[in-house]
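In what follows, every chain begins at residue 1, and chains take the letters A, B, ... in the order their sequences are listed. When reading the values below, keep in mind they use all heavy atoms of this one structure, side chains included, and skip hydrogens, waters and symmetry mates.
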There are 2 protein chains.
Amino acid sequence: MPKPKIHTMEELSAAIGVSRPTLSRYFQDPTKVSRSSVERIRTGLDRVDYTPNFFATRMNRKTTGMIGVIIPYLNDLFFTRLLESIERAAMAAGYTVISQCSHSDPEIEARAAETFLSMNVDGAIVAPLGNHSDLHVYERLNARMPFVLFDSRPKLLTGVDFVGTDHKQSTSMMVDYLCRVGSPPVFLAMPRVNFNAVERENAYIARMIERDLEPVVIGTEMTAPGAYFESHGLAVMSDHFARGALLDSTVLCVNDRVAIGALRAAAQHGLEPGALRRGGLRIAGHDDYPLCPFTSPPLTTVAQDVDAIGQAAVDRLQEKLRAENQTGNQIVKLMDGVMKIRSSA
Amino acid sequence: MPKPKIHTMEELSAAIGVSRPTLSRYFQDPTKVSRSSVERIRTGLDRVDYTPNFFATRMNRKTTGMIGVIIPYLNDLFFTRLLESIERAAMAAGYTVISQCSHSDPEIEARAAETFLSMNVDGAIVAPLGNHSDLHVYERLNARMPFVLFDSRPKLLTGVDFVGTDHKQSTSMMVDYLCRVGSPPVFLAMPRVNFNAVERENAYIARMIERDLEPVVIGTEMTAPGAYFESHGLAVMSDHFARGALLDSTVLCVNDRVAIGALRAAAQHGLEPGALRRGGLRIAGHDDYPLCPFTSPPLTTVAQDVDAIGQAAVDRLQEKLRAENQTGNQIVKLMDGVMKIRSSA
DNA sequence: CCAAGCCTTTTACACGCGTCAAGTCTAGGC
DNA sequence: GCCTAGACTTGACGCGTGTAAAAGGCTTGG
């Protein structure tokens, strides 16, 4: 009952009576082979068990049809959403995506990059680790293949394409909203190892100054080695609440995960963010983490356009693939955030 | 300044004056080459930019050093934690892992399996999709290479190795705990498309009967097409609470994501699960989703031993790789769950 | 100085398929 | 019936590396 296994195209050609080069052309593009041959090959393939060798097929082609993606964490729904959107866009464009996670480790990130190089992927899309990233790795990839950074970008890196969110816009929008509806926000930040976190912090400060308000930033110190974002938010806010500080303030968190920790701290201290319409404690986040609608209270935040970012990254890669030799200028594409007003602020 | 690029081993051997076969052996295992040659190759490699071709190196080896992993969702922290633990275990064992996500689509899952076959991966570890999975895909992989299912297993599939949690144990333990500390639990289930969900539901029913209690299962009907787990939990419990039902009951949820939805429903109705020590509404979950400590109130749940599962899956794969020809018996490895008592129940 | 032994190099073939050039076959038009 | 174009086949080479066999160089011991 099991179909006979065939290992090489040579055997296949003997088995179904079509020449090997014709088979080769068929597998690459069936339309390049005559109708009658297509039929014969189709029915032949139904009768046997053959899978073209992945390595042999890619070795001699100029294009491998693969793109490599690196994300820094796997335990963060925001990055997995980004990865998902990239995978969808790439799949739709006919690519095979090889995804790797750097697990917060520059060495693993570098290894993943080397893997991409040795596999001759057609292009790479990577989200940097943060301050610990080895910029040399990005430069190396950028020099060798179409390359796009997404999500965040190292300050010191120049000439590399980038797709992400306009944090100046998104953060300003949130600051404006919070000021309009209540007291000016304090900014609950993070240790400055994350580029986006710094960008948002700076955007907050700039916007506050523009509005003639005094920016207040808390939580930049490390609360615990390797602490999750949530525990950082929880630790910082618990600390303040316990001292009777910020009890009726507006807290803009650097991201939703930190905000979830802040919400927990509030609940622990019997506070209900957003309960009073225009006063009392309010907490807001950034990113629109998938769980935001289900927190207590649901978290007001600003959504990043994840799908647009993924699509744009893949689009840009294809653009560079087609242009190949032309030294196109660096392109930086920033998407606008969108307010998601729920009840926490 | 940039090092000269070298594309083939041939060029490399000419550039540093060592024969190509010696280089080949060096890259596979430096100890198989004499001290002096190692030195020469090392210093030579420092002066040039060479990366062995991934495809060419794998084509002729009996073993590719790669293992394939498939998970059904990327937007679920539980699966990403499992993937992470598998990646760590595999990396430690010297493998390159190729991970694919089936995005809830049997076709994508099948395509990923074909990719693994064409890449001659040394083994595959996959978490099934659920009722929609094409069992034929698993049988095909199982026949061709060391293969292990993890997380959940199709009822109808036999003879395939499995590593996961003992849901009978974990669910019974939770039922016992809930009964000991308060009223017997109702079970908030899911549409029966997920094997683990069904296993837990059955384990709940069995345990309740063993205790001479009447099992009550709710939420098996689909609440909305493609609804997230959280919205399912929210919809089902909101519905009950709005009717004044289950207001002071104990609710054991099929998993934490559903429980998070249930918590939200409770909050919407002004209910505070676990507030009364031995009475009133209580909500518990399953899995120990990473956010459980940060929900309001923190969710009582039973943790799966994610690290042990990942390690066991990789171990089993290596075992089968070594045994190769021996037709080892099927192995099913079930890990115990661990109670995580927080304040929601 | 010669023989034994390890390490290396040389030489050769293999892997599975892409690709090209030249030859063969078929169908269509005259 | 012949001619031409198109589709196919045959044959050959190449990709970058693994791998095995044979031959060469070096050290070591006598």
**Prompt:** Taking OP1 and OP2 of C:dT19, is either one under 4.0 Å from a side-chain nitrogen or oxygen of A:Gln28?
**Reply:** yes

**Message:** Using OP1 and OP2 only, check whether a side-chain N or O of B:Ser19 sits under 4.0 Å from C:dT10.
**Reply:** no

**Request:** Check whether any side-chain nitrogen or oxygen of B:Lys62 sits under 4.0 Å from OP1 or OP2 of D:dG18, and answer yes or no.
**Result:** no

**5' precedence on DNA chain C between B:Arg20 and B:Arg25 (nearest-nucleotide basis)** = B:Arg25

**Request:** Would you mind classifying the nucleic acid contact of A:Tyr26 as base, sugar-phosphate or nothing, using non-hydrogen atoms under 4.0 angstrom?
**Result:** nothing

**Request:** Would you confirm whether the ring centroid of A:Phe147 sits within less than 6.0 angstrom of the ring centroid of A:Phe116?
**Result:** no

**Asked** In whole angstroms, how far is the P atom of D:dG16 from the CE atom of A:Met59?
**Response** 8 Å

**Fill in**
Of the listed C:dT10, D:dG18, C:dT19, the closest approach to the B:Pro21 side chain comes from C:dT10

**Message:** Between B:Arg58 and B:Met119, is there a side-chain heavy-atom distance shorter than 4.5 Å?
**Reply:** no

**Prompt:** Rounded to the Å, how far apart are A:Phe54 CZ and D:dC15 P?
**Reply:** 21 Å

**Asked** Counting any heavy atom closer than 4.0 Å, what does B:Thr8 reach on the DNA or RNA strands: base, sugar-phosphate only, or nothing?
**Response** sugar-phosphate

**Message:** Any base atoms under 4.0 Å from A:Thr57, or only sugar-phosphate, or nothing? Heavy atoms, all strands.
**Reply:** sugar-phosphate

**Message:** If I take atom CZ in residue B:Arg35 and atom C1' in nucleotide D:dC26, what distance separates them, rounded to the nearest angstrom?
**Reply:** 18 Å

**Request:** Rounded off to whole Å, could you give me the CZ-to-C1' distance for the B:Arg61 and C:dG16 pair?
**Result:** 17 Å

**Asked** B:Ile6 CD1 to D:dG16 P: how many Å, rounded?
**Response** 13 Å

**Item:** Given DNA chain C, 5'-ward residue of the pair A:Phe27 and B:Ser36, judged by closest heavy atom
**Value:** B:Ser36

**Request:** Tell me whether the OP1 or OP2 atom of C:dT9 has a side-chain N or O from B:Thr22 closer than 4.0 Å.
**Result:** yes

**Item:** Salt bridge present between B:Glu114 and B:Arg111 (N-O < 4.0 angstrom)
**Value:** no

**Item:** Distance in angstrom units between A:Asn60 CG and C:dG16 P, rounded
**Value:** 14 Å

**Gap between atoms CG and P, on B:Asp29 and C:dC7 respectively (whole Å)** = 13 Å

**Prompt:** Does the salt bridge (charged side-chain N to carboxylate O under 4.0 Å, His left out) test come out yes or no for A:Glu319 and A:Arg316, once each step is laid out?
**Reply:** CA-CA 5 Å; A:Glu319 209 177 301; A:Arg316 178 61 184 144; 2.8 Å; yes

**Prompt:** Separation of A:Asn120 atom CG from C:dG18 atom C1', in whole Å?
**Reply:** 15 Å

**Side-chain touch B:Phe55/A:Asn53, heavy atoms, less than 4.5 angstrom** = no

**Fill in**
Side-chain atoms of A:Ala56 come closest, of C:dC20, C:dT11, C:dG16, to C:dG16

